[in-house]
Novice: 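Below is a structure I'd like to ask you about.
Because the structure is predicted, anything quoted here is derived from the model rather than measured. In each ligand, atom 1 is the first atom listed, and ligand 1 is the first ligand listed. The basis for the numbers below is simple: all heavy atoms, side chains too, and nothing from hydrogens, waters or symmetry mates.
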Amino acid sequence: MSGDLRKHAVAVREKAYAPYSKFSVGAAIRAVSGAVFVGCNVENAAYPQGTCAEAGAIAAMVAAGETSIAEIYVVAGSARPVPPCGGCRQKLAEFVRGDVVVTMATVAGVEQHTTMTDLLPGAFDAAFLEG
Ligand code: THU
C-alpha cells in the first residue's frame, strides 16, 4: 500500500532545497480522499526559517482543501530510516483522525513502520482549547 507513496516521496526528495545541511528529505501524505500530496525540505540562509518536508506536504494538502491524513511516508538519505522531527509530529497530528501508519525510510530502501500515536503519545490537540 505504501509503495506508491514511496515513489512520490523519493521523487520529491530530489527537489529538496538543502544547501546548508545537505540533508534532503521527501514526504508524501495520502489524504483520506486517496489524493497524494508531497513536500520537500526548504532551507534558508537564516537557518531557523527553513521548513521540513512534512510541513510542505501538509501545506499542499490543506491548500487543496483536505484536512484528514490516511497515511504518511518520509524518506531521507540517512543510514537509518528518518523519523519526523518533534515539530512535524505535532503538525501531522493536527490532521490525523484516529491513528495512521507512518513509514520512515532510507533512500536505499530500509523501511520502518510506526503510528502517529507511537510517535506522539499524549499529543496536545484542539480538545484542550475547549476548557
Ligand atoms: N528535516 C525534515 O525535512 N524532516 C524531518 O522530519 C527531519 C529534518 C530536514 C530539516 C532540515 O532541512 C534538514 O532535514 C536537516 O535537519
Novice: I need the nearest protein heavy-atom contact for atom 14 (O) of ligand 1: residue, atom name and distance, please.
Specialist: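 Answer for atom 14 (O) of ligand 1: Phe23 CD2, 3.4 Å.
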Novice: With heavy-atom distances below 4.0 Å as the criterion, list the atoms of ligand 1 near Pro83.
Specialist: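 Counting atoms of ligand 1 from 1, those under 4.0 Å from Pro83 are 6 (O).
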Novice: Starting from the C-alpha separation in whole Å, work towards a yes-or-no answer on side chain to side chain donor-acceptor pair (under 3.5 Å) for Ser33 and Glu66.
Specialist: CA-CA 8 Å; Ser33 69; Glu66 306 238 20; 2.6 Å; yes
Novice: Walk me through it: do Val107 and Arg13 pass the test side-chain contact (heavy atoms from CB on, under 4.5 Å)?
Specialist: CA-CA 9 Å; Val107 170; Arg13 180 182 166 274; 3.5 Å; yes
Novice: Report the nearest protein non-hydrogen atom to atom 3 (O) of ligand 1: residue, atom name, distance rounded to 0.1 Å.
Specialist: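 Minimum-distance protein heavy atom for atom 3 (O) of ligand 1 reads Ala53 N, 2.9 Å.
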Novice: Determine whether Val36 and Val100 fall in the same hydrophobic cluster, where Ile, Leu, Val, Met, Phe, Trp and Tyr are linked whenever their side-chain heavy atoms lie under 4.5 Å apart.
Specialist: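 Each belongs to a different hydrophobic cluster.
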Novice: Quick one: look up the protein heavy atom nearest atom 9 (C) of ligand 1 and list residue, atom name and how far away it is.
Specialist: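 For this ligand atom, the closest protein heavy atom is Asn41 ND2, 3.6 Å.
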Novice: Regarding Glu43 and Ser21, is there a side-chain donor-to-acceptor distance under 3.5 Å anywhere?
Specialist: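 Their side chains do contain a donor-acceptor pair, which is all the 3.5 Å distance test asks for.
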Novice: What's the shortest distance from atom 12 (O) of ligand 1 to any protein heavy atom, and which residue and atom give it?
Specialist: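 Ranking protein heavy atoms by distance from atom 12 (O) of ligand 1, first comes Glu43 OE2, 2.5 Å.
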Novice: Looking at Cys85, which atoms of ligand 1 are within less than 4.0 Å of one of its heavy atoms?
Specialist: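 The list of qualifying atoms is 5 (C), 6 (O).
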Novice: What do you reckon, does Gly50 put a non-hydrogen atom under 4.0 Å from ligand 1?
Specialist: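 False for this residue.
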Novice: Enumerate the atoms of ligand 1 whose separation from the nearest heavy atom of Ser21 is less than 4.0 angstrom.
Specialist: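 So the atoms of ligand 1 that pass are 13 (C), 15 (C).
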Novice: Search all heavy atoms of Ser78 against all heavy atoms of Val82 and return the closest pair with its distance.
Specialist: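 Looks like OG-CB, 4.0 Å.
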Novice: Of all the heavy atoms in Pro84, does at least one lie under 4.0 Å from an atom in ligand 1?
Specialist: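 It does, in that a heavy atom of Pro84 comes within the 4.0 Å cut-off of ligand 1.
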Novice: What I'd like to find out is whether the side chain of Arg80 reaches to under 4.5 Å of the side chain of Val110, using heavy atoms alone.
Specialist: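 No, too far: nothing below the 4.5 Å cut-off.
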Novice: Is any heavy atom of the protein nearer than 4.0 Å to atom 16 (O) of ligand 1?
Specialist: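 There is no protein heavy atom less than 4.0 Å from atom 16 (O) of ligand 1.
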Novice: Out of Cys52, Ala55, Ala27, whose heavy atom is nearest to atom 2 (C) of ligand 1?
Specialist: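 Ranked by closest heavy atom to atom 2 (C) of ligand 1, first place is Cys52.
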Novice: Which ligand 1 atoms are under 4.0 Å away from a heavy-atom of Glu54?
Specialist: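 So the atoms of ligand 1 that pass are 2 (C), 3 (O), 4 (N), 5 (C), 6 (O).
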Novice: On the 0 to 90° scale, with breaks at 30° and 60°, tag the Phe128-Phe124 ring pair as parallel, tilted or perpendicular.
Specialist: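 Because their plane-to-plane angle is under 30°, the rings of Phe128 and Phe124 count as parallel.
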Novice: Answer whether the closest heavy-atom distance between the side chains of Thr51 and Asn41 falls below 4.5 Å.
Specialist: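 They are not in contact (no side-chain heavy atoms under 4.5 Å apart), so the answer is no.
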